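Note that this is a predicted model, so its numbers are computed, not measured. Chain identifiers are assigned alphabetically (A, B, ...) following the order of the sequence lines, protein sequences preceding nucleic acid strands; residue numbering begins at 1 within each chain.
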Amino acid sequence: MTQLRPVRGTHDLLGEELRRHRKVAKEAQSTAALYGFEEIATPIFEFVDVFKRTLGDVSDVVTKEMYAFTDRGGESLVLRPENTAAVVRAMLTNGLTQTLPQKLFYYGPMFRYERPQKGRQRQFHQIGVELIGAPEPEADIECIALGHHILTRLGLGDVVSLELNTLGNPESRKAYRTALVSYLSGFKDKLSSESLERLERNPLRILDSKDPEDRQIVDGAPIVLDYLNPESRSFFEKVKEGLHQLGLPYTLNPRLVRGLDYYNHTAFEFVTSALGSQGTVMGGGRYDGLMRVMGGPDIPGVGWAAGVERLAMLLADVAAATRPVALIPIGERAEGAASVVAAELRHAGIAVELAYKGKPAARLKKADKANAGIAIFLGDDELDKNVARLKNLDDGVEEEMALSQLVEQLLARGLGSLDRSSP
RNA sequence: GCGAGCGUAGCUCAGUUGGUUAGAGCGCCAGUUUGUGGCACUGGAGGUCGUGGGUUCGAUCCCCAUCGCUCGCCCCA
């Protein structure tokens, strides 16, 4: 019994939940394609350095959340905690830096060793995009627009809102950091213990502390916007203007920061209040410094990642894919004939539910449970005449149909067809 | 790593102020005579009452421990 449970923080995906999950991944992939993003699939584990070098020593993702292990060859490996670094690694590995910009979409599992709670698991899934090799603010705008487009197609346009901030270029970010630390240092006796620690490691993080007292202090803190140099300011203005032109509403949130070190300029999140304390559903920004940190050329990038489970939780139920056709043989002679007919229908692309045993009544019950739209009776009477008896399971109306007409007629009516999902 | 709540059938939950064979609804299986479902009726399967220990004549119920789940903090998608 204790052996037969999933590992903490992992879940089996099935039924309704899996359908929602799949819908998120599918809509995201096809929408991304409209923007010219092509899918890339990288391994789910990498050498530990791929993440250690990029995420920085201050990030919790590295210091305590990585699923790291040594394989039999003595290599230090890690189940990927996020995918941006892996995608960038793949670009360098495959020489994609020669053809820029690269627009890449991904979907897959990520792993972080943390305490599970609502909207947080140890194995979870992300969709994400990386637009690499474009320093222009237009790239940021396109990424955000794509994210918004996906959320809208998922029916979450009203559930989720966009928050926007900038960290400025490295020079501005540094200047702001200095100012912030100097301000916060005046409150050392009042800050929460967590924030005191962050003051050393990652002071920007204090800005989004949930501690009430921290928030009061933060309310009086200097804000990034006042420390932007002309270049950073102009970049941010262009991003905002672009969003405005596209009619994408956003809220400026000067306390919005990114956890990871290599971010600069644009930072954004799509958030919701419907998920408890894990409100961020999609987060991203610009990471111009990343490629170089990884030992590659100085190539800028921008992108985002979104939690599939979080999005799936927000989705309304997704209908089961197809209503099959139920084939019901009556009598021994019909059993054989039915499996031949079933094969014929299936090869024509029609989903067929074929019970293995039971009286007609029992098989009809099974047909109901399989959500069949129509039942096809095949008995001696019918076989003698080369016909089948069709029964519409919604209104009970029956009709006789020549066996030779079956495929054509079912297709014409869209019955059992996989490409037509019923409501 | 820290804090809080919760663990009784596949699911949602009753229950005993400690006392014979632990219940309901839903779901599942079968039947209600000959080749027709959804409804109804009847019957059935399914529980070491999370696990281990303690108190007691007796524990699912009280106590302790442990494991697990959930939610929150940290952090993040």
Side-chain angles (χ1 to χ4, degrees), chain A residues 1-9 11 15 24 55 58-66 81-84 107-128 147 160 192-195 197-198 201-202 205-206 208-212 214 257-260 269-272 275-284 303-314 326 328-331 334 353 355 358-383 389-398:
Chain A
M1 173 107 140
T2 53
Q3 293 303 316
L4 292 181
R5 60 170 184 247
V7 172
R8 187 201 287 273
H11 291 283
V24 171
L55 297 181
V58 299
S59 160
D60 273 12
V61 172
V62 164
T63 54
K64 57 180 199 190
E65 291 178 4
M66 289 212 298
E82 59 101 34
N83 207 29
T84 299
Y107 156 75
M110 308 293 158
F111 306 83
R112 291 181 196 172
Y113 191 89
E114 8 176 40
R115 280 300 280 276
Q117 53 187 283
K118 190 179 179 70
R120 166 175 307 165
Q121 306 171 196
R122 288 186 173 183
Q123 175 176 342
F124 61 106
H125 297 75
Q126 286 187 333
I127 50 173
V160 140
S192 65
S193 54
E194 287 91 1
S195 286
E197 227 176 283
R198 285 184 285 216
R201 286 185 357 217
N202 200 352
R205 270 274 152 219
I206 298 176
D208 62 3
S209 171
K210 285 176 189 165
D211 184 283
D214 285 357
V257 293
R258 294 258 61 88
L260 308 179
E269 285 182 2
F270 284 91
V271 299
T272 176
L275 286 181
S277 57
Q278 271 67 243
T280 301
V281 113
M282 176 183 287
W304 52 254
V308 177
E309 281 81 0
R310 289 184 185 178
L311 290 172
M313 278 192 284
L314 296 175
I328 302 181
I330 301 167
E353 179 71 21
K359 304 193 298 188
R363 298 201 201 203
L364 262 177
K365 278 188 189 176
K366 286 207 171 70
D368 274 323
K369 274 168 200 144
N371 191 31
I374 191 169
I376 301 177
F377 294 99
L378 268 183
D380 290 348
D381 298 350
E382 286 78 17
L383 286 177
R389 173 162 287 277
L390 272 57
K391 177 170 186 169
N392 182 318
L393 292 179
D394 293 330
D395 58 22
V397 175
E398 296 193 21

Using Watson-Crick geometry (N1-N3 plus N6-O4 or O6-N4) or G-U wobble (N1-O2, O6-N3), each under 3.5 Å, B:C29 is paired with B:G43
What interatomic distance, in whole Å, is found between P of B:C11 and the corresponding atom of B:G27?
-> 15 Å
Just by modelled atom types, is the A:His125 backbone N or O under 3.5 Å from a matching donor or acceptor in the A:Glu309 side chain?
-> yes
Report yes if a donor N or O on one partner sits less than 3.5 Å from an acceptor N or O on the other, where the partners are the side chain of A:Lys391 and the base of B:G37; otherwise report no.
-> yes
Charged N-O contact under 4.0 Å between A:Glu353 and A:Lys366 = no
If you take atom types as modelled and just measure distance, does the side chain of A:Arg198 reach the base of B:C75 with a donor-acceptor pair under 3.5 Å?
-> no
For A:Arg205 and A:Arg198, indicate whether the former's side chain and the latter's backbone hold a donor-acceptor pair under 3.5 Å.
-> no
Closest of B:A77, B:G38, B:U36 to the A:Phe124 side chain is B:A77
C1' spacing across the pair B:C69 / B:G37, given as an integer number of angstrom = 39 Å
So what does A:Gly331 touch, heavy atoms closer than 4.0 Å: a base, only the sugar-phosphate, or nothing?
-> nothing
Nucleotide opposite B:A14 in a Watson-Crick or G-U pair, distances under 3.5 Å = none
G-U wobble or Watson-Crick pairing nucleotide for B:G58 (cut-off 3.5 Å, both distances) = none
Does the side chain of A:Phe377 come within less than 4.5 Å of A:Leu364's, by heavy atoms?
-> yes
What distance, rounded to whole Å, do you find between the two P atoms, one in B:A9 and one in B:U48?
-> 9 Å
Taking only N and O in the side chain of A:Lys359, is any of them less than 4.0 Å away from OP1 or OP2 of B:U32?
-> yes
Report the residue (A:Ala305 or A:Gly9) whose heavy-atom-nearest nucleotide on RNA chain B is the more 5′ of the two.
-> A:Gly9
Over all heavy atoms of both residues, which pair between A:Ile127 and A:Val24 is shortest? Give the atoms and the distance, please.
-> CD1-CG1, 4.2 Å
Could you tell me the separation between the CE atom of A:Met66 and the C1' atom of B:C75, rounded to a whole number of Å?
-> 15 Å
Sticking with atom C1', work out how far B:C64 lies from B:G47, rounded to a whole angstrom.
-> 25 Å
Nucleotide nearest A:Gln278 when distance is taken to its side chain, options B:G72, B:U70, B:U36 | B:G72
Using the C1' atom on both, measure B:A14 against B:A22 and round to a whole Å.
-> 11 Å
Calculate the interatomic distance between A:Arg122 atom CZ and B:C75 atom P; express it in whole Å.
-> 18 Å
Can you tell me if the side-chain N/O atoms of A:Arg8 get under 4.0 Å from OP1 or OP2 in B:G68?
-> yes
Mind calculating the distance between CD1 (A:Ile330) and P (B:G35) to the nearest angstrom?
-> 8 Å
Please check the phosphate of B:C69 (OP1 and OP2 only) for any side-chain N or O of A:Lys118 closer than 4.0 Å.
-> no
Starting at atom CD of A:Gln117, determine the distance to atom P of B:U70, rounded to an integer number of angstrom.
-> 10 Å
For B:G1, which nucleotide is its Watson-Crick or G-U wobble mate, given both distances must be under 3.5 Å?
-> B:C73
Which value, in whole Å, describes the distance between the P atoms of nucleotides B:C49 and B:U21?
-> 13 Å
Report the base-pairing partner of B:G35 (Watson-Crick or G-U wobble, both distances below 3.5 angstrom), or none.
-> none
Are side-chain heavy atoms of A:Thr84 and A:Trp304 found at a separation under 4.5 Å?
-> no
Once you round it to whole Å, what is the distance between P of B:C73 and CD1 of A:Ile206?
-> 18 Å
Which whole number of Å gives the distance between the C1' atom of B:U60 and that of B:U8?
-> 7 Å
Would you state whether a donor and an acceptor, one from the side chain of A:Asp368 and one from the base of B:G38, lie under 3.5 Å apart?
-> no
Do side-chain atoms of A:Arg122 reach the backbone of A:Glu114 as a donor and acceptor pair under 3.5 angstrom?
-> yes
When the distance from CE of A:Met110 to P of B:C75 is rounded to whole Å, what number comes out?
-> 22 Å
Interatomic distance where CD belongs to A:Gln123 and P belongs to B:A77 [whole Å] | 17 Å
Which part of the nucleic acid, if any, lies within contact of A:Gly128, taking any heavy atom under 4.0 Å across all strands shown: a base, the sugar-phosphate backbone alone, or nothing?
-> nothing
Just checking A:Asp394: base, sugar-phosphate only, or nothing, at a heavy-atom cut-off of under 4.0 Å?
-> base
Rounded interatomic separation in angstrom, taking NE2 from A:His125 and C1' from B:C76 = 17 Å
Sugar-phosphate only, base, or nothing, as touched by A:Glu398 at under 4.0 Å among non-hydrogen atoms = base
Is the backbone N or O of A:Val281 less than 3.5 Å from a side-chain atom of A:Arg310, with the two atoms forming a donor-acceptor pair by type?
-> no
Using centres under 5.5 Å plus planes under 30 degrees as the test, is A:Phe377 stacked with B:G35?
-> no
A:Leu364 side chain, from C-beta outward: closest of B:C2, B:G37, B:A77 | B:G37
Please evaluate the base of B:G35 for a donor-acceptor partner in the side chain of A:Glu382 within a cut-off of under 3.5 Å?
-> yes
For B:G7, what is the paired nucleotide under Watson-Crick or G-U wobble rules, both distances under 3.5 Å?
-> B:C67
Using atom P of each nucleotide, how far apart are B:G53 and B:C61 to the nearest Å?
-> 13 Å
B:C76 phosphate, OP1 or OP2: any side-chain N/O from A:Arg205 under 4.0 angstrom?
-> yes
Residue mapping more 5' on RNA chain B - nearest nucleotide basis, A:Ala362 or A:Leu378 | A:Ala362
